[in-house]
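Written out below as structure tokens is the structure these notes cover.
Owing to the predicted nature of the structure, the values given are computational and were not obtained by experimental measurement. For reference, positions follow the sequence shown, starting with 1. Basis for what follows: all heavy atoms, side chains included, without hydrogens, waters or symmetry-related copies. Order of listing sets the numbers, starting from 1, for every ligand and every atom in it.
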Amino acid sequence: MLTVNTVKELKSAVRAAREAGKSIGLVPTMGALHEGHKSLVDRCRRENDVVVVSVFVNPTQFNNKEDLRTYPRTEEADKALLEAAGCDVVFMPTVEEVYPEPDTRVFDLGPVAEVMEGPMRPGHFNGVAQVVSKLFMMVEPDRAYFGEKDFQQIAVIREMVRQLGFKLKIVPCPIVREADGLAKSSRNVRLTPENRAIAPNIYRLLSESLDFAKSHTVEETIGFVTEGINAYDAMEVEYYQIVDGITMQPIAKWDDTNYAVGCITVYCGDVRLIDNITYFRK
Ligand code: AMP
């Protein structure tokens, strides 16, 4: 596995691969890698000749300075995981390397970015679009892999790809969970032991709502999940919305969509957790 820190080295590594006629897959990450990231790398490994993984805590997508400051950084363990997963090139740049000058681009990502995480995390998706578009320009991958844990992010990236005309395939990958159901996340390590013990109730309520939804309205289902989670003192739902899985727009009735996905964010203590569940996809 080749570790590169500069854009120049990255480009030269992928140029060599491309000239040899090889397909290139990219997995963008912010490090503190776990089994969720590994599942993306594994899939990328199966589907491409060359696997490139970026590990970069992108400051422009953090709307909260404290979250950026405390974001876990585990560079050596990340390299070991990637080496074992068969990654070919890991790109670990500095902030100056990615942003030699401030990125002043403002994306208009349209309706997919105007709901849920959009208003809750102002600037977040713009920062995601900035860094992912830069990575796509540097690597020019054939395929790029993203986790469905960040469900809305995939729709936003598809829109960015459409607007900028990138010729690549976005591959969504299923959520990887802990044995108790909690979606794996780099931020889970920040949970106190007490909060870590109650956090799996998020997925429990989401799962139980699948059955509840069969005989209740969208609004009642939202109430079931929200009240169930808020019943735990240390947890507070920031939003729970049931949306169309493509447009991200909230639905009022089950019949409004062929693809219903419930997207949630919950504060568990001061850690913001995100998860989602698919009700149906016809
Ligand atoms: P992050 O390092 O958190 O920015 O995540 C990098 C990529 O890994 C994103 O596409 C995430 O959606 C994905 N990812 C993170 N956690 C999981 C998980 N538990 N299951 C599947 N994909 C994940």
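The protein heavy atom nearest to atom 15 (C) of ligand 1 is Lys149 CE, 3.8 Å. For atom 20 (N) of ligand 1, the closest non-hydrogen atom of the protein is Val176 N, 2.8 Å. Residue, atom and distance of the protein heavy atom nearest to atom 1 (P) of ligand 1 are His37 NE2, 3.6 Å.
The cationic atom of Lys282 (NZ for Lys, CZ for Arg) lies less than 6.0 Å from the six-membered ring centre of Phe280 and within 45° of the ring axis.
Ligand-side atoms of ligand 1 in range of Lys184: 16 (N), 17 (C), 18 (C), 19 (N), range being under 4.0 angstrom from any heavy atom. Which parts of ligand 1 touch Leu40 is read off a 4.0 Å heavy-atom cut-off, strictly below it: atoms 7 (C), 8 (O), 10 (O), 13 (C), 22 (N). In summary, the atoms of ligand 1 found under 4.0 Å from a heavy atom of Ile175, numbered by their order in the structure, are 20 (N), 21 (C). Less than 4.0 angstrom separates some heavy atom of Phe146 from each of these atoms of ligand 1: 10 (O). Below 4.0 Å from some heavy atom of Pro174 lie the following atoms of ligand 1, by number and element: 20 (N), 21 (C).
Asp244 and Tyr259 share no side-chain donor-acceptor pair at under 3.5 Å. Glu9 and Thr6 form a side-chain donor-acceptor contact under 3.5 Å, judged by distance and modelled atom types alone. Counted by atom type alone, Tyr99 and Asn58 present one or more donor-acceptor pairs between their side chains at under 3.5 Å. Side chains of Asn48 and Tyr145: a donor on one and an acceptor on the other come within 3.5 Å. Thr265 and Tyr239 form no side-chain donor-acceptor contact under 3.5 Å, judged by distance and modelled atom types alone.
The distance criterion of under 3.5 Å between nitrogen or oxygen atoms is met by Gly147 with respect to ligand 1. Checked by distance only, ligand 1 and Thr29 stay at 3.5 Å or farther apart across all their nitrogen or oxygen atoms. Residue contacts with ligand 1: Asp150 is placed with a nitrogen or oxygen under 3.5 Å of a nitrogen or oxygen of the ligand (distance criterion only). At least one N/O-N/O distance between Met30 and ligand 1 falls below 3.5 Å. Any N or O atom pair closer than 3.5 Å counts here, and Ser186 shares no such pair with ligand 1.
Side-chain contact between Leu182 and Leu191 is present, with heavy atoms from C-beta onward closer than 4.5 Å.
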Before giving the answer on ring-ring contact (aromatic ring centres under 6.0 Å, His included), spell out for Phe107 and Phe125 the whole-Å C-alpha distance, their side-chain angles and the decisive distance to 0.1 Å.
CA-CA 9 Å; Phe107 291 80; Phe125 283 136; over 10 Å; no
Please step through side-chain hydrogen bond (donor to acceptor under 3.5 Å, both in side chains) for the pair Arg187 and Thr70, ending with a clear verdict.
CA-CA 9 Å; Arg187 291 184 177 89; Thr70 58; over 6 Å; no
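Residue contact check for ligand 1: His34 places a non-hydrogen atom closer than 4.0 Å to it. At a 4.0 Å cut-off, at least one heavy atom of Tyr71 sits close enough to ligand 1 to count as contact. Within the 4.0 Å heavy-atom cutoff, Pro28 counts among the residues contacting ligand 1.
Phe146 and Ile24 fall within a single hydrophobic cluster, where Ile, Leu, Val, Met, Phe, Trp and Tyr side chains are chained together by heavy-atom contacts under 4.5 Å.
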